[in-house]
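What follows is one structure encoded as structure tokens, with my remarks underneath.
The figures that follow rest on heavy atoms only: side chains count, while hydrogens, waters and symmetry mates do not.
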Amino acid sequence: MSNSATAKTSTTASSPNSTSNQPPIEIVACGALAAHIREIAARRGWNLTVRPLPAALHNRPQRITGDAKRAIAAAQESGARAVIAYADCGTYGAIDKLAAEKGLHRLPGLHCYDLYAGEQEIEQLFAEEPGTYLLTDYLIRSFDKTVIKPLGLDRHPDLWSDYFAHYRRLVWLVQQPTPELEEAATRIASQFNLPLIRIDTGTTGLEAALARVIDPPS
């Protein structure tokens with residue numbers, strides 16, 4: 001997966017609303033969602049381009065809107081119709097303001113967790129146990145790069161309790177499990193010394209939300 005805001009990846013089949021006089025679609029996507037979006041688009045036969053932004057922006061959410069705005073402008077300058085494949089993701093409404101300014105749609109929810117498991121389900125998980133740390137397939141694969149190194153835990157492991165002492169359990173929202181992911185999830189749970197709960201979500205929620213923003217009802 002590219003971390004470049006300008007790198008693009010295309011599928012090859014036709015879009016749900018494809019006609020000869022409609023502009024191509026470019027998905028300005030969170031890097032953590034980009035691989036699943038490509039897979040969904042290929043399976044559904046959607047002719048679109050994925051323009052991923054770095055998933056590391058989740059550690060600097062104040063930068064998401066600015067980077068997304070530049071990616072949208074680049075898509076539109078190329079003659080494409082842009083779609084925002086982000087939830088709010090810690091922007092506190094700034095991504096909604098950008099969408100309204102550009103006349104675009106974004107994915108629903110506060111975070112990608114809502115897209116996988118559903119907003120009510122995520123609310124219920126935190127109501128049951130506020131000290132819940134959520135994992136996705138992407139976060140498990142990139143845990144060292146997106147969590148350990150940005151927090152400096154590779155250099156200062158003594159800071160672990162400062163960051164994570166209040167957590168009581170890990171919940172893995174499972175999209176497409178593999179033995180390697182299961183092994184990595186178990187290893188992360190061991191680092192936390194906490195129980196690991198697995199909830200199989202798949203990507204159905206993301207797929208339905210993506211379809212609505214790609215081809216919104218009139």
Considering only heavy atoms from C-beta outward, does the side chain of [X] approach that of [Y] to under 4.5 Å?
{"X": "Trp46", "Y": "Ile25", "value": "no"}
{"X": "Ile72", "Y": "Leu98", "value": "yes"}
{"X": "Leu53", "Y": "Val28", "value": "yes"}

Are [X] and [Y] grouped together when hydrophobic residues (ILVMFWY) are joined by side-chain heavy atoms under 4.5 angstrom apart?
{"X": "Tyr138", "Y": "Leu135", "value": "no"}
{"X": "Ile199", "Y": "Leu110", "value": "no"}
{"X": "Tyr113", "Y": "Val213", "value": "no"}

Minimum heavy-atom separation for [X] to [Y], with atom names?
{"X": "Ile122", "Y": "Ala117", "answer": "CD1-CB, 3.8 Å"}
{"X": "Ala85", "Y": "Ile27", "answer": "CB-CG2, 3.4 Å"}
{"X": "Ala189", "Y": "Leu196", "answer": "CB-CB, 3.9 Å"}
{"X": "Gly90", "Y": "His111", "answer": "N-CE1, 3.8 Å"}
{"X": "Ala55", "Y": "Ala32", "answer": "CB-N, 3.7 Å"}
{"X": "Ala87", "Y": "Gly109", "answer": "CB-O, 3.3 Å"}

Let me confirm one number: the [atom1]-[atom2] distance from [X] to [Y], rounded to the nearest 0.5 Å.
{"X": "Arg43", "Y": "Glu207", "atom1": "CZ", "atom2": "CD", "answer": "4.0 Å"}
{"X": "Leu33", "Y": "Ile40", "atom1": "CG", "atom2": "CD1", "answer": "9.0 Å"}
{"X": "Ile84", "Y": "Arg51", "atom1": "CD1", "atom2": "CZ", "answer": "13.0 Å"}
{"X": "Thr146", "Y": "Leu151", "atom1": "OG1", "atom2": "CG", "answer": "9.0 Å"}
{"X": "Gln175", "Y": "Cys112", "atom1": "CD", "atom2": "SG", "answer": "8.0 Å"}
{"X": "Arg63", "Y": "His58", "atom1": "CZ", "atom2": "NE2", "answer": "12.5 Å"}

Give a yes or no answer on whether the side chain of [X] reaches the backbone of [Y] with a donor-acceptor pair at less than 3.5 Å.
{"X": "Thr136", "Y": "Leu139", "answer": "yes"}
{"X": "Tyr116", "Y": "Leu173", "answer": "no"}
{"X": "Arg81", "Y": "Ile214", "answer": "yes"}
{"X": "Thr178", "Y": "Leu181", "answer": "yes"}

**Prompt:** Does Lys102 NZ have over 12 foreign heavy atoms under 6.0 Å away?
**Reply:**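 Correct, the count exceeds 12.
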**Request:** Give a yes or no on whether Gln124 atom CD has more than 12 heavy-atom contacts from other residues, nucleotides or ligands under 6.0 Å away.
**Result:**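 It does: Gln124 CD has more than 12 such atoms within range.
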**Request:** Could you point out which residue of Glu123, Glu121, Gln120, Glu119 forms a side chain to side chain contact (heavy atoms under 4.5 Å, CB included) with Asp114?
**Result:**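 Answer to the side chain to side chain contact (heavy atoms under 4.5 Å, CB included) test with Asp114 among Glu123, Glu121, Gln120, Glu119: Glu119.
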**Request:** Identify which one of Thr201, Ile188, Leu134, Asp137 satisfies the side chain to side chain contact (heavy atoms under 4.5 Å, CB included) criterion when paired with Trp172.
**Result:**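 Running side chain to side chain contact (heavy atoms under 4.5 Å, CB included) over Thr201, Ile188, Leu134, Asp137 with Trp172 returns exactly one hit, Asp137.
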**Request:** Can you run down the ring pair (Phe, Tyr, Trp, His ring centres under 6.0 Å) pairs that involve residues 69-96, sequence neighbours left out, and say none if there aren't any?
**Result:**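 Listed by first then second residue: nothing to list.
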**Residue pairs involving residues 184-210 (criterion ring pair (Phe, Tyr, Trp, His ring centres under 6.0 Å); sequence neighbours excluded)** = Tyr133-Phe192, Trp160-Phe192, Phe164-Phe192
Using side chain to side chain contact (heavy atoms under 4.5 Å, CB included) as the criterion, list what pairs up with [X], not counting sequence neighbours.
{"X": "Ser161", "result": "Ala165"}
{"X": "Asp200", "result": "Val174, Arg198"}
{"X": "Asp154", "result": "Ile148, Lys149"}
{"X": "Arg169", "result": "Leu125, Glu128, Glu129, Thr132, Val171, Pro195, Ile197"}

**Message:** Using side chain to side chain contact (heavy atoms under 4.5 Å, CB included), reason through Leu210 and Leu115 one step at a time and then give a plain yes or no.
**Reply:** CA-CA 9 Å; Leu210 192 61; Leu115 293 164; over 6 Å; no
